[in-house]
Amino acid sequence: MKTIFEKSKGVDGISLCDSVDEITFMQDSFLRSNKPDLPQLSELEVLRHYKELSDMNFCIEKGFYPLGSCTMKYNPKVNELLASLDGFANLHPCMSDEDVQGALELMYNLQEELKKITGMDAITLQPAAGAHGELTGMMIIKKYFELKGEKRKKVIIPDSAHGTNPASAHLCGFDVIPVASNDKGQVDIDALKLILDKDVAAIMMTNPNTLGIFEENVLEISKLMHENGSLLYYDGANFNAIMGYTNPELMGFDVVHLNLHKTFATPHGGGGPGAGPVAVTEQLREFLPAPYIDFDGEKYYRNYNIKHSIGQVKAFFGNFGVLVRAYAYILMMGNNLKKASENAVLNANYLKEKLKHAYLLPYDEPCMHEFVLSGDWQKENGVSTLNIAKSLMDENTHPPTVYFPLIVHEAMMIEPTESETKERLDDFVKVMLKIADEVKLDPEKFIHAPHTTPVKRIDETLAARKPDLKFKLEK
Ligand SMILES: *Cc1c(COP(=O)(O)O)cnc(C)c1O
């Protein structure tokens, strides 16, 4: 597809005023002498251009989006309406507390709701995403031990963990110690006991873990960790599985991040913006980033008076627009948040049972909100998980998360979310079973998929390694 600069026809798409002489309010030296090199198209052509661009993309409004671990649920459009209200969208972050009481009240109320949902005692809304929340949490844990005069260097992380976990711990200067999973896809307690010593600051866990399996021994693990003087970090990316059923406090965690853009239905993908609030137990309250939003009985204010604060981790308030959307979602759902988790778990188990005869299910356990298949059987016919993922794109279906978690060969991680109807789930089953059949009959077909998308196989590392962000028009 051509860029809008290439499409530019030299017609005047817009005329502001006929001659620069008419501009009297500006000093001559500020006026440009040449016309700016802006693309010029008729209004209709501009609309077509952007419609065409958006058609090249895939989104939840276009089709099934079972991208495991990312919780691509429906983002209610009323949230967009609320976030775009003048009084929210046009606030300036430098306004004084007195002038933004409504926005501060919203953030305060959101803090209270998230504290209830997690069972934690104190919270910051600053971090911009889950990974940023992890970093914030690890900084809190680090400072906690520094203040106690303990030089604990290690952080234990299960081998099924999301890559951001070890990255965050490492960025904070910790040594990452992996712990193996057992044959039920859960942390191997005996392996954990072997590596637990007084040098361990914390364990980072996701529960349900990235296999979609609930860690049944979490209470025993938290007891072990706390008896060792270590803390527990909860990666809340999978919170959509447990809302209202349990919470990290009941499981014995000390620090939690939530991904508002996943569990609390704000649009994501393409890199942001998101929000990764971090909630902590009472003993860690004084380490939170400053400021958090407080209430003195009369007015809401930014509280900077936090004794051992790790400092500010994001400019101003974090991604305020995301906070508005998440708060609207929570208010709208109320007690039905529990129902959302219930349906997310039901949908995942339904798909798992329908697909497990056509694809290898390495951990045949009841799952939570997602499950992981292996493409090993299809690989025997020369068709990899990558090939299957690409061919799903020809079926108006977003591929699942692939090759993660790392402990499953040819992994396909499927998370339908609660938003989908049984008919959509059945359509997906039909497509997956059709693919499994075709792999046996015509494996060649898969090697060059996708066939119907605007771009075919792209180099998956080139954009990251050699970003080319500047368009140059060949004249
Ligand atoms: C998405 C995810 C993260 C990182 O969250 P971002 O908001 O993408 O930074 C961390 N852990 C798990 C398990 C995730 O799924």
Side-chain angles (χ1 to χ4, degrees), residues 65-73 75 114 118 124-139 155 157-172 176 178 181 185-187 202-215 218 232-242 248 251 253 255-279 313-314 318-319 321-323 325-326 344 348 367-372 398 400-408 411-417 464:
Y65 207 141
L67 189 64
S69 214
C70 296
T71 313
M72 306 307 283
K73 61 166 77 174
N75 312 127
L114 296 178
T118 56
T124 172
L125 301 176
Q126 268 181 33
H132 194 194
E134 290 170 31
L135 182 64
T136 304
M138 295 322 282
M139 287 168 75
V155 168
I157 302 180
D159 58 6
S160 60
H162 195 261
T164 51
N165 290 188
S168 302
H170 180 75
L171 260 179
C172 267
V176 173
S181 304
Q186 301 177 29
V187 169
I203 186 169
M204 294 180 91
M205 281 177 76
T206 313
N207 198 17
N209 62 32
T210 62
L211 293 163
I213 293 171
F214 194 84
E215 298 276 358
V218 66
L232 289 93
Y233 183 94
Y234 183 88
D235 177 334
N238 290 345
F239 218 93
N240 211 41
I242 63 161
M251 295 185 236
F253 286 90
V255 189
V256 183
H257 87 251
L258 295 170
N259 307 58
L260 296 190
H261 43 291
K262 296 181 179 173
T263 314
F264 299 97
T266 84
H268 61 299
V278 172
V313 297
K314 174 97 174 71
N319 286 329
V322 176
L323 306 180
R325 290 170 175 89
C367 69
M368 297 294 286
H369 67 311
E370 66 190 359
F371 61 101
V372 180
H398 196 287
T401 295
V402 294
Y403 299 101
F404 173 72
L406 303 176
I407 55 174
V408 173
M412 282 181 263
M413 185 193 222
I414 298 173
E415 180 184 10
T417 82

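None of these values were measured; they are calculated from a predicted model. Residue numbers count from 1 along this sequence. All ligand and atom numbering here is 1-based and tracks the order in the structure.
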Out of curiosity, is H132 lining ligand 1, as in a heavy atom under 4.0 Å away?
no

Does ligand 1 have any atom sitting under 4.0 Å from a heavy atom of H268?
no

Would you say that E415 contacts T71 through its side chain, given a criterion of any heavy-atom pair below 4.5 Å between the two side chains?
yes

In the structure I gave you, are the side-chain heavy atoms of T263 and N240 within less than 4.5 Å of one another anywhere?
yes

Would you say [X] has any N or O atom under 3.5 Å from an N or O of ligand 1, going by distance alone?
X: G130; value: yes
X: D235; value: yes
X: T206; value: no
X: A131; value: yes

Nearest-option assignment for atom 14 (C) of ligand 1, heavy atoms, candidates H257, K262, E134
K262

Taking all non-hydrogen atoms of both residues into account, name the closest pair between N238 and P208 and its distance.
ND2-O, 2.8 Å

Looking only at non-hydrogen atoms, find the nearest pair between M251 and F214 and report the distance.
SD-CZ, 4.1 Å

Within the 4.0 Å heavy-atom shell around A237, which atoms of ligand 1 are there?
2 (C), 11 (N), 12 (C), 13 (C), 14 (C), 15 (O)

Structural part of S69 in contact with ligand 1, heavy atom criterion under 4.0 angstrom
both

Could you find the nearest protein heavy atom to atom 5 (O) of ligand 1 and give me its residue, atom name and distance?
N259 ND2, 3.0 Å

Plane angle bin for H398 and Y65 - parallel if under 30°, tilted between 30 and 60°, otherwise perpendicular
parallel

Measure the acute angle between the ring planes of F239 and F264, then classify it against the limits of 30° and 60° as parallel, tilted or perpendicular.
tilted

CD of E134 to CE of M139, rounded to nearest 0.5 Å, is 13.5 Å

